[in-house]
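Some notes on the structure that comes next.
Every chain is numbered from 1, with letters handed out A, B, ... down the list of sequences. These figures come from a predicted structure and were not determined experimentally.
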Amino acid sequence: MEVLISILAAAVRSGTPILYATLGEILTERAGVLNLGLEGLMLMGALSGFWVAYSTSSVTFALVAAFLVGAAIALIHAFLCVHLGANQVVSGLAITMCGTGASSLLGRGLVGETIKGIGVLPIPVLSKIPIIGPVLFNHDPLVYLSYVLVIGMSWFLYSTKAGLNLRAVGEAPGAVDAVGLDPVKLRYLYTVIGGGLAAIGGAYLSLVYTKMWGEHMTAGRGWIAVALVIFAIWHPARAALGAYLFGGVGALQLRMQAAGTSIPAPLLLMLPYLLTILVLLGISIKKGKGILLGAPSALGVPYQREERT
Amino acid sequence: MKGITKSFYGIRANDEVNFEVRPGEIHTLLGENGAGKSTLMNILCGLYTPERGTIKINGEKCFFKSPKDAINAGIGMLHQHFMLVPVMTVWENVALGDKELPQVLPKNKVIEQIKELSDVYGLSVNPLAPVWQLSVGEQQRVAIVKLLYRRAKVLILDEPTAVLTPQEARHLFRVIKKMAEEGHGIVFISHKLDEVLEISDRITVLRKGRNVGTVAKEEASKEKLAEMMIGKRVAFAIDKPIQNPGKEVLNVKNIKVLGDRGRLKVNGISFSLRQREILGIAGVSGNGQEELAEALTGLRKPISGKVFVDGDDVTTGNPRDFMKRRVSYIPADRKGTGLIANMNLRENIALRKYWKSEYTRFGFFINWERIAGHTGKLVERFSVANPSLSYPVRLLSGGNMQKLMLARELSDNPRVIVAVQPTWGLDIGATHYVREVLVSQKEKGSGILLITDDLEEILALSDRIAVIHGGEIVGIVDNPDKVTEEELGLMMAGTKLEKYPVYDLKEDELE
């Protein structure tokens with residue numbers, strides 16, 4: 001039981017950075033923009049968060065800085081893809097490449113340094129509930145914030161006017177334009193917010209998870225988040241489920257290694273990615289049968305008003 | 001609207017056009033495809049910005065930078081594609097873009113208002129249904145409710161009857177008249193003369209982007225309007241040679257075909273097509289026509305049933321198997337399925353030939369000289385206007401594109417031609433040409449399956465008509481001269497008529 005609880009708690013902790021990135025990408029993709037730059041955004045978030053925390057000792061500043069850096073990079077993506085109608089896949093990949101390189105370069109002096117980071121803050125009363133308490137309510141504030149985000153985003157998407165506009169612009173930007181809203185503005189907005197959230201996910205790694213900076217420390221989590229958006233069928237609640245599932249597999253894999261299993265470590269490290277492939281396979285098979293089509297219809301398609309075919 | 005001018009790629013879609021509409025008036029904008037009607041109205045609703053010209057509303061000069069400005073000025077447009085979000089429900093679609101609603105959506109209030117509007121204007125809609133589940137007619141009602149909900153004073157209806165059955169169209173006319181009575185100004189866009197005469201108070205005719213004139217309903221007649229629209233008197237009639245069909249070339253036995261979303265789109269269709277015969281498939285678009293055409297050309301495999309060409313079972317064949325049996329396909333989607341827009345004329349002609357030994361060298365390299373020679377001959381025979389054979393097809397006009405496709409598809413004297421909406425979007429001259437080519441090909445011995453939602457075309461060309469609804473044949477008309485549009489309309493809406501039975505296949509035939 002003890003072991004199970006500790007694995008579940010670890011699942012939540014290691015799922016959280018992926019969750020932030022996934023939520024960010026859900027916002028972006030709901031608006032019809034595909035951003036494959038999550039890995040680069042997370043790395044830049046991790047570095048800028050660590051840098052500010054290291055030099056100012058303020059984790060609040062660190063988080064704000066990470067969000068702004070992510071938002072700024074996503075703004076470039078939005079300019080290229082929304083404004084100029086550039087290929088979104090290419091732009092996203094470029095962000096990942098540049099983010100990886102730039103973070104390694106800029107972070108050279110910080111390798112090996114440590115910070116106090118963000119510590120655990122158990123929620124009174126709630127954390128005392130058996131099983132649920134230690135699994136869900138014995139974490140750092142960023143984990144709690146992610147709960148708020150998941151619930152808030154689900155409500156936002158389906159119950160508010162702004163949420164309606166967001167969903168519509170990813171499905172039919174022409175319809176949004178025809179009712180007098182500006183699809184370009186909306187896409188800019190959510191691409192930028194999405195980028196900021198992905199960077200917070202990266203900052204979680206350096207501020208909470210490891211409390212240090214290391215090159216390529218995201219280790220593919222950005223890509224898992226891209227896959228998770230599909231797994232979640234663009235819904236925040238399912239994104240949480242998916243993120244914790246992948247976090248859990250990661251945590252389990254660490255423990256199995258520590259317990260000295262005879263299974264080779266690389267095989268265990270592959271587990272989350274294998275699961276990604278399996279999930280995608282499952283969804284595609286279902287999709288082939290016409291059972292669920294969750295992707296926003298206009299995802300990846302630039303919108304230009306006076307275009308005539 | 002005064003002196004409106006707008007160009008696309010150097011072509012003037014609108015040239016100094018004037019147009020006005022008064023409250024309570026139904027003013028029709030009439031013109032052929034490409035006459036500039038939609039462009040003018042897209043300018044009025046703020047989607048396009050004109051190069052020159054002014055718009056005045058209640059005497060006040062307006063400048064629309066975006067649809068937002070037009071909506072605020074009380075202008076609402078019912079687009080040909082309704083501009084609805086399919087995955088959302090009706091009430092969400094209506095609420096979309098309403099700035100006066102509070103941040104947290106008052107679902108029940110919106111639903112109530114929708115119901116009110118439905119009652120007043122006779123537009124029945126279910127506010128909770130997701131839009132993608134609705135029929136085209138219902139979607140149109142949703143789009144109209146949406147305009148009324150936004151308190152549009154001027155309603156622009158862009159060819160609203162194109163997607164409706166005659167009965168649905170009649171219902172729509174009642175709604176339109178009701179809206180005019182309530183003081184709305186209605187702009188009705190159409191190129192169908194009968195309905196224009198039925199509904200309009202005034203009619204303005206456009207030709208090639210210019211005003212031809214405005215007439216009151218009382219002064220208008222079908223002949224006069226047609227002349228204004230086309231410019232010169234054109235003989236519409238196509239000689240339909242006496243049919244003497246030969247042997248059967250295509251036989252379809254009880255096929256069922258799934259659509260893109262895995263739903264059954266063709267639900268057990270059987271028919272037989274003979275040489276020297278045009279069988280028209282009439283129906284409102286989206287009733288399984290596309291899927292049927294794809295199943296008969298190898299693009300989509302039926303889940304059950306059989307397809308025979310000249311007696312050979314080709315049910316599971318791929319498109320090339322069909323080509324080798326000389327089945328030609330003229331798809332509705334000219335630039336996607338029919339031609340490759342970025343490739344040139346020669347390359348597009350080669351698509352149907354390149355694997356044949358006479359067009360290759362050493363059985364591997366394409367013999368471009370021969371292809372070019374072949375293309376040159378075809379282009380001349382079908383009078384495809386083109387600057388050069390290496391010109392990208394996307395830069396040709398719609399009519400020339402269609403001629404090029406006909407040239408390719410008819411070049412090896414096909415046994416079967418599957419033609420889907422062959423004259424869609426073409427001007428009258430090109431339409432006439434395409435129809436003549438199809439009829440003359442019929443005389444040469446091809447069996448032609450003509451799938452279109454253009455009733456006039458079906459009646460003008462077909463030797464027999466099969467009406468399709470919901471993926472099934474509702475009735476087969478053996479003598480198209482005797483059928484009324486009324487009867488066809490009823491069948492298109494799914495009503496079976498005793499006069500026009502569906503051929504029953506005996507059980508053993510199905511095996």
| said: Using every non-hydrogen atom in the two residues, find where A:L181 and B:G97 come nearest and quote the distance to one decimal. | reply: CD1-CA, 3.7 Å
| task | May I ask you to test the B:L105-A:T160 pair for a side-chain heavy-atom distance under 4.5 Å? | result | no
| said: To the nearest 0.5 Å, what is the distance between NZ on A:K161 and CD on B:E92? | reply: 14.5 Å
| task | Tell me, for B:H79 versus chain A, whether the close heavy atoms (under 4.5 Å) come from the side chain, the backbone, both or neither. | result | side chain
| field | Leading residue by heavy atom contact count with chain B [cutoff under 4.5 Å; candidates A:A172, A:G174, A:A175] | value | A:A175
| Counting only heavy atoms not in B:K301, do more than 12 fall under 6.0 Å of its NZ? | yes
| said: For A:Y158, is the OH atom crowded, meaning more than 12 foreign heavy atoms sit under 6.0 Å from it? | reply: yes
| request: Counting only heavy atoms closer than 4.5 Å, note whether B:K99 contacts chain A via side chain, backbone, both or neither. | output: both
| said: Walk me through whether A:W155 and B:V104 qualify under side chain to side chain contact (heavy atoms under 4.5 Å, CB included). | reply: CA-CA 10 Å; A:W155 175 78; B:V104 180; 3.6 Å; yes
| field | Nearest non-hydrogen partners of A:A178 and B:I71, listed with the distance | value | O-CD1, 3.2 Å
| message | Before you tell me yes or no, could you show the steps for A:V179 and B:R150 under side chain to side chain contact (heavy atoms under 4.5 Å, CB included), namely the whole-Å CA-CA distance, both residues' side-chain angles and the distance that decides it to 0.1 Å? | response | CA-CA 9 Å; A:V179 294; B:R150 297 297 294 274; 3.8 Å; yes
| query | Which bit of B:P106 is near chain A, if near means a heavy-atom gap under 4.5 Å: side chain, backbone, both or neither? | reply | neither
| Mind checking whether A:L164 and B:M88 have side chains closer than 4.5 Å, heavy atoms only? | yes
| remark: Interface check, chain A: of B:V85, B:L147, B:D69, most non-hydrogen pairs under 4.5 Å belong to B:V85
| Is a side-chain N or O of A:E171 found less than 3.5 angstrom from the main chain of B:V87, in a donor-acceptor match? | no
| request: Name the region of B:D98, side chain, backbone, both or neither, that has any atom closer than 4.5 Å to a heavy atom of chain A. | output: backbone
| said: More than 12 heavy atoms of other residues, nucleotides or ligands under 6.0 Å from CG of A:L126: yes or no? | reply: yes
